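Reading through the structure tokens given below for one structure.
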Amino acid sequence: MNSLPENFLLFLGTSGARFSMMYQMRASGGMWIRINRKNFVIDPGPGALVKICEMLPDLDPTKIDAIILTHRHIDHSNDLNVLVESMTFGGRTRRGTLVIPEDSLVEGSSILLEHLRKHIDRLHTWQEDKDIDLDGHIRIRGKKLIHHGVECFGFTLESETTPIIGLISDTRLKDHWLEHFSESRILIANITLLKKIERIDHLSIEEVPYILRKLNPELMLINHMGTSILEAGPDNLAKALCTPLTSVIAARDGMLVDLDTGNIVLPGNNNDSKIIERIQNMVIHRGKRDKPEGGR
Ligand SMILES: [Zn+2]
């Protein structure tokens, strides 16, 4: 990729939940956002560091200013510690911000290694509806979602230079949190299922029209896609969801959104169908489990 725009968001990975992550049907590195020369990584799942280093020097893990974690599940947090190590320059500098749910830091089951904690300059735990100021005159405001018994937060991100960005992480659909995203012009939503499954706290493609009717963002980016969506063809699914007010696009690994112009730069085809063909006998048709445990 040639020189990156001034303000952008870039998908380091777009897979969602277990199997699309485990087999890396899509990468699982989360997102990199650069605004006002500050760099933020959101939900660094497995492979985030590798994906970042594939883009050196355009992206540089030692130049991360903040890591934002929506919840502790491994597909969102696996690379947290290596990125904290990078952000703090191998622990040599006390720098950077970490925003994380409180239940990710509980003694005995903290997902943040104890020895790294002291190198982080500012550590925030999410508080519902409370602003958190980040470097670069950027403000994020969290909203509690509903996700399989763990603390999980969505948030809006505001700056003077870019449109309001909303990020809906893993959750079950409820009106009470939906309102929080009503001013988002760019909405990134973790839509993991093709069809709604009552016992699973994940959003589905079926629920997108309702979300759009309520929020009407200019652009909706579908992220965190599970096998059922990848199998059905995310690009066509997204196309069918567009409304006169909202363009809906299925994110791709490496996809970049220029936050100044709204231009979207797509990398080559993800080639989902080929990958799915290769693994479907191993995964998709393998016996289904009775119920999710500590699900995702
Ligand atoms: Zn999850």
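Each ligand, and each atom within it, is numbered from 1 in the order the structure gives. From a predicted model like this one, the values you see are computed outputs, not experimental measurements. Computed from heavy atoms alone, side chains included, the values below leave out hydrogens, waters and symmetry copies. Numbers here are sequence positions counted from 1.
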Which N, O or S atom of Asp170 lies nearest to the Zn ion (ligand 1), by name = OD2
N/O/S atom of Cys152 inside 2.8 Å of the Zn ion (ligand 1), strictly under = no
Confirm or rule out an N/O/S atom of His148, from backbone or side chain, lying less than 2.8 Å from the Zn ion (ligand 1).
-> no
Atom pair CG/CZ of Asp65 and Arg122 - distance to nearest 0.5 Å | 9.0 Å
Are any N, O or S atoms from His147 nearer to the Zn ion (ligand 1) than 2.8 Å?
-> yes
Any donor-acceptor N or O pair under 3.5 Å, side chains Arg26, Thr14 = yes
Could you check His147, His202, His148 and say which one makes a ring-ring contact (aromatic ring centres under 6.0 Å, His included) with His73?
-> His147
Distance from Ile138 atom CD1 to Ile35 atom CD1, nearest 0.5 Å?
-> 5.0 Å
Where the Zn ion (ligand 1) is the vertex, angle from His73 ND1 to His71 NE2 to 10° = 90°
His224 side chain near Asp170 side chain, heavy-atom distance below 4.5 Å | yes
